[in-house]
Amino acid sequence: MSDIHEIYAIKYGRHERKKAENYIGGDPHDTQEPIDFFVWAIVGASGTFVVDTGFDAAMAKKRSRQITKPIAEGLKALDIAPDKITNVIISHLHYDHCGNYDTFPNARFHLQDTEMAYATGRCMCHAVLKTPFEEEDIVAMVRKLYAGRVAFHDGADEIAPGLTVHKIGGHSKGLQCVRVKTRRGHVVIASDTAHLYNHFEQRRIFPTTCNLAEVLEGYDQLRKLATSPVHVIPGHDPEVVQRFPAIPGHPDIVRLDAKPSN
Ligand SMILES: [Zn+2]
Ligand SMILES: [Zn+2]
């Protein structure tokens, strides 16, 4: 069976913000640097895997974010029916990665041990650490656990041939990236191990962090896991939909297994 996959980045949202908001220590340039929100689909001989589940309209309103295309619409454009999905990989439990929790009724959710422990343990006594989590998202994941629908991973693990998860931590205690074998080599869906190309390339740090050292070590790990630096796909960079070829009729859905334009 082939271990080569296609990968699609599906943009579903946007948040306009100042550049200084994206870095610890701020930024001297008084310019805007918006972030985009994505989920990803991995398609191969072992089936279709969805990475992360985004947030819904109610959460967008609550957090003053914009939904540009609901995730179900983005998946539909790829002929992916959410109720046919049997495996969802959750990079971490922040609100923008694990909402829409009823959208995949037949899926098992792949999560790091550490992330569930973090989101349900003593660190959530601290308001600043709790901010990126949403109570209902976490309760929904606990319900899935009791329904036998969570698969736990501890560090690096294989999900399918050519598809592995790797715990990096840093930004969230049990944050994992996803490494995918494709026709152009090993692509790494960094998710929030690198929000923007600037974070990974300039070794700067996004303000939401529980361990600075793990963030920085994580950049080295991303580089080792990917065939080259351009095989690392940041989790929130609007450049992603500019660099990679879009599918016909959907400029916000791009193929990451294809060569980037620069
Ligand atoms: Zn996050
Ligand atoms: Zn995020």
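Numbers here are sequence positions counted from 1. Whatever order the structure lists them in is the order used to number ligands and atoms, beginning at 1.
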Is there a side-chain contact between Leu78 and Ile253 in this structure, where contact means two heavy atoms from C-beta onward sitting under 4.5 Å apart?
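With C-beta onward as the side chain, the pair touches.
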
Among Arg17, His236, His199, Arg204, which residue satisfies the side-chain hydrogen bond (donor to acceptor under 3.5 Å, both in side chains) criterion with Asn22?
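That would be Arg17.
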
Near the Zn ion (ligand 1), which protein N/O/S atoms are found at less than 2.8 Å?
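Sorted hits: His92 NE2, His94 ND1, His171 NE2, Asp192 OD2.
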
Answer with yes or no whether the side chains of His153 and Asp113 bring together a donor and an acceptor at under 3.5 Å.
no

Derivation and outcome, salt bridge (Lys or Arg N to Asp or Glu O under 4.0 Å), residues Lys173 and Glu115:
CA-CA 6 Å; Lys173 221 167 194 174; Glu115 187 67 0; over 6 Å; no

Could you tabulate the donor-acceptor pairs under 3.5 Å formed by side-chain atoms of residues 161-168, not counting sequence neighbours?
from, atom 1, to, atom 2, distance (Å)
Thr164, OG1, His166, NE2, 2.8
Lys167, NZ, Thr114, OG1, 3.1

Between His94 and His92, what is the ring plane arrangement, given parallel below 30°, perpendicular above 60°, and tilted in between?
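Answer is perpendicular, since the angle exceeds 60°.
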
